[in-house]
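Note sheet for the following structure.
Because the structure is predicted, anything quoted here is derived from the model rather than measured. Each chain gets a letter, A, B and so on, in the order its sequence line appears, and its residues count up from 1.
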Amino acid sequence: MSESVKVRFAPSPTGFLHIGGVRTALFNWLFARHHGGQFVLRIEDTDHERSTEESITEILESMRWLGLDWDEGPYRQTERQELYSTKVDQLFKEGKAYRCYCTPEELDQKRNEAQKKGLKPKYDGTCRERSDQPEGAPSVIRFKAPLEGSVVVEDMLRGKVVFDIAELDDLILQRTDGSPTYNFVVVVDDADMGITHVVRGDDHLSNTPRQCLLYDALNFPRPRFAHISMILGQDKARLSKRHGATSALAYRDMGYLPAAMINYLARLGWSHGDQEIFSREEMVKHFSFDSVHTSAAVFDPDKLSWLNEHYIKTTPPEELARHLEPFLISSGILQEGHGLDDAEIARVIPSLNQRAKTLIEMAEKSAFYFKKEVEFDEKAKAKFLTVEAKPLLEKVIAGLSELENFSAEEIEALFQKVVEEEGVKLGKLAQPVRVALTGTTVSPGIYDVILLLGKEETLNRLKKALP
RNA sequence: GGCCCCAUCGUCUAGCGGUUAGGACGCUGGCCUCUCACGCCGGAAACAGGAGUUCGACUCUCCUUGGGGCUACCA
């Protein structure tokens, strides 16, 4: 690992951070951490129209939730205007850029005409050699790109990708209002920040030859590139809002664990043999672009859900309790300032973590532990809290009252005894008790429920539920 | 339209010239069982098509087809 590594994630704040963006960030992060390099966060807010502060806040919140920590930044391009101006001037003075007075309308028209004739809809170079400077006419600054030859992009994933320069045109570096454009600032920033490896979505692959030309013109060394594939929806179209939840925070709010999201996204396009479950450390240790592949991947909510279940099962209860607590509050099961600490919430987790797909589900299923009053499902009550069940319940009440240790073993022994004496199946006893204690026919194992509720609370609820 | 990228079960993938084409999600049959789950055992399910190269192609080359991206004073 002699080669130094500095990478960046550069989202534009024109909306929430979506899953595709997260994976790009993740691959950058993994690559940096694997090589002991630097990970820079840069906000590409050159589009004044569409950039918002809320988006920036949400992006940062998403990154923190996912544990994708950055070493530098967040930089904001709006704060670096001076640098861009300097570089535009430099190119201009060196004759590598020129003013273009064509109006957007004229350009539109030219494009349409070219397309009609079946020609490339690229800029025709009208102002390229123009020497006059129309007084007061608005202008942009264009890059004077080479006219022929080819650009070879060395991509870590795809090898050499060759582009014919004739396909490219003179891109705009600076708009009429003086603001710089994306393809230009990316190059200036990546070079200025010393980015060694540009890892981004393959929707940028076609932009790369233009950027390479810019690197050359500015006398910057080109970085190495890795264009990772896109994430698609079930219909194989690029993932977008209409595919349902696509923002990172939406998954947090639906009760997904960051570990599940990270693990899922890591395995989309990257693999390490047959391994499916990776801790952060394992991912960092094994991550390499050698084992990233290049075809687009379809987002599969089912597999994400499976991983979420896995992490709910395996996260230590006290740690999971910290994630669960906000959901206990948002679902109204606990009040703000409830006074319970993580350990107290964690008590109930071992009985629930095998039966919840999300934290929301887990919170809902834990309601009967935390709520003072049992909320009865009327159908369950009518079916199980019957006069036939009454003697059984009474025996359990009497038996539990006399238990000395109130252990799982003792409780189970008591149930066995009652069942034998009454000559019924365990279900005949367990279900009425379950309904009495939880209000429903579905719950964790009945001995766990009794144990967790405690002797006093259990007896209270049983007595109260007696038909 | 032009240019570029991509192509193994429905999905995520392993495979890197010789395999009964493996794993995972999902689906499905069964077992376990106090409910619901978990778990365990089993099953169905793929090399897009066509030419080459080769003793031999999922694997290498080309074409076709299909999907995606770029082609903005968006990023």
Side-chain angles (χ1 to χ4, degrees), chain A residues 10-14 44-47 49-51 100 102-104 107-108 111 114-123 138-142 153 155 157-158 161-164 166-169 171-177 179-183 185-186 201-210 227 229-230 232 234 236-238 264 267-277 291 293-307 309 313 352-357 365 380 384 412 415 419 425-435 438 440-447:
Chain A
S12 54
T14 54
E44 311 233 309
D45 55 352
T46 49
D47 183 348
E49 300 279 310
R50 300 193 302 151
S51 297
C100 169
C102 301
T103 64
L107 293 172
D108 261 358
R111 253 194 300 276
Q115 223 150 11
K116 258 184 225 163
K117 289 183 202 158
L119 299 170
K120 302 180 211 315
K122 54 179 247 186
Y123 180 62
S139 65
V140 300
I141 294 180
R142 281 186 189 272
V153 175
D155 189 277
L157 297 175
R158 295 158 211 270
V161 184
V162 183
F163 294 86
D164 190 341
E167 295 294 331
L168 277 24
D169 61 2
L171 84 191
I172 292 172
L173 304 176
Q174 195 176 77
R175 303 185 184 99
T176 307
D177 67 2
S179 64
T181 58
Y182 165 75
N183 280 113
V185 293
V186 167
D202 75 9
D203 48 337
H204 289 285
L205 183 56
S206 302
N207 286 323
T208 308
R210 301 166 213 287
H227 288 95
S229 62
M230 315 245 68
L232 311 178
Q234 316 269 225
K236 304 250 183 186
R238 191 190 194 153
Y264 175 71
R267 278 286 288 105
L268 221 50
W270 173 72
S271 60
H272 181 69
D274 283 339
Q275 191 172 343
E276 295 288 349
I277 306 293
S291 37
H293 78 166
T294 45
S295 52
V298 174
F299 178 71
D300 180 6
D302 284 336
K303 188 150 186 186
L304 172 59
S305 176
W306 173 72
L307 280 160
E309 288 172 53
K313 279 177 212 150
L352 291 168
N353 63 5
Q354 304 294 312
R355 19 174 74 80
K357 291 185 196 305
K365 289 184 172 174
F384 290 106
E412 184 167 357
F415 271 59
V419 162
K425 291 203 168 190
L426 185 53
K428 286 284 176 197
L429 174 60
Q431 281 304 74
V433 172
R434 189 185 316 279
V435 174
T438 70
T440 74
T441 56
V442 175
S443 85
I446 195 64
Y447 310 128

Heavy-atom nearest nucleotide on RNA chain B for Asn207(A) versus Trp306(A): which residue maps closer to 5'?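 Nearest nucleotide further toward 5': that of Trp306(A).
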Practice problem: For Glu309(A) and for Val162(A), locate the closest nucleotide of RNA chain B by heavy-atom distance; then report the residue assigned to the nucleotide nearer the 5' terminus. | Solution: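 By nearest-heavy-atom nucleotide position, the 5'-most residue is Val162(A).
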Closest nucleotide among [options] to the [X] side chain:
X         : options                : result
Asn183(A) : A75(B), G1(B), C70(B)  : A75(B)
Arg434(A) : U13(B), U35(B), U71(B) : U35(B)
Val298(A) : C34(B), U11(B), G1(B)  : U11(B)
Val140(A) : C73(B), C12(B), C5(B)  : C73(B)
Thr181(A) : C5(B), A75(B), C36(B)  : A75(B)
Pro121(A) : C73(B), U71(B), G39(B) : U71(B)
Leu205(A) : C4(B), A75(B), C73(B)  : C4(B)
Asp302(A) : G69(B), G1(B), G26(B)  : G26(B)
Leu232(A) : G68(B), C25(B), C73(B) : G68(B)
Ala297(A) : U35(B), C73(B), U13(B) : U13(B)

Per the atom types in the model, does the base of [N] pair as donor or acceptor with the side chain of [X] at under 3.5 Å?
X         : N      : answer
Arg355(A) : C38(B) : no
Glu276(A) : G23(B) : yes
Asp108(A) : A72(B) : no
Asp274(A) : G22(B) : yes
Thr176(A) : C73(B) : yes

Looking for any heavy atom pair under 4.0 Å, which part of the strands does [X] touch: base, sugar-phosphate only, or nothing?
X         : result
Pro444(A) : base
Gly445(A) : base
Ser295(A) : sugar-phosphate
Thr14(A)  : nothing

Does [X] have a side-chain nitrogen or oxygen under 4.0 Å from the phosphate oxygens OP1 or OP2 of [N]?
X         : N      : result
Ser229(A) : C6(B)  : no
His293(A) : A14(B) : yes
Lys236(A) : U11(B) : yes
Arg111(A) : A72(B) : yes
Lys313(A) : G39(B) : yes

ask   = Is the number of heavy atoms from other residues, nucleotides or ligands under 6.0 Å of Lys428(A) NZ greater than 12?
value =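 Check fails, neighbour count at 12 or below.
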Beyond-backbone contact of [X] with [Y], side-chain heavy atoms, under 4.5 angstrom:
X         : Y         : result
His272(A) : Ser291(A) : no
Gln234(A) : Val298(A) : yes
Arg434(A) : Thr440(A) : no
Asp202(A) : Arg158(A) : yes
Ile172(A) : Tyr123(A) : no

Tell me the interatomic distance from [X], atom [atom1], to [N], atom [atom2], rounded to whole angstroms.
X         : N      : atom1 : atom2 : value
Leu107(A) : A72(B) : CG    : P     : 10 Å
Glu167(A) : G1(B)  : CD    : C1'   : 12 Å
Lys303(A) : G26(B) : NZ    : C1'   : 10 Å
Asn353(A) : C36(B) : CG    : P     : 19 Å
Tyr264(A) : C12(B) : OH    : P     : 8 Å
Lys428(A) : U33(B) : NZ    : C1'   : 17 Å
Phe163(A) : C70(B) : CZ    : P     : 13 Å
Leu304(A) : G26(B) : CG    : C1'   : 14 Å

Check the orientation of His204(A) and Tyr182(A). Use parallel for under 30°, tilted for 30 to 60°, and perpendicular for over 60°.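 Tilted, since the angle between the ring planes falls between 30° and 60°.
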Chi angles and distances behind the side-chain hydrogen bond (donor to acceptor under 3.5 Å, both in side chains) call for Asp177(A), Ser179(A)
CA-CA 6 Å; Asp177(A) 67 2; Ser179(A) 64; 2.7 Å; yes
task: State the pairing partner of A7(B); accept Watson-Crick or G-U wobble contacts with both distances under 3.5 Å, and report none otherwise.
output: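 Per the H-bond distance test, U65(B).
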Review point. What is the pairing partner of C40(B), taking Watson-Crick or G-U wobble pairs with both distances under 3.5 Å in any strand?
Key: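 In the structure as shown, C40(B) has G30(B) as its Watson-Crick or wobble partner.
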Euclidean distance for [atom1], [N] against [M] (whole angstrom):
N      : M      : atom1 : result
U8(B)  : C4(B)  : C1'   : 24 Å
G69(B) : A24(B) : C1'   : 29 Å
G23(B) : G15(B) : C1'   : 12 Å
C9(B)  : A45(B) : C1'   : 5 Å

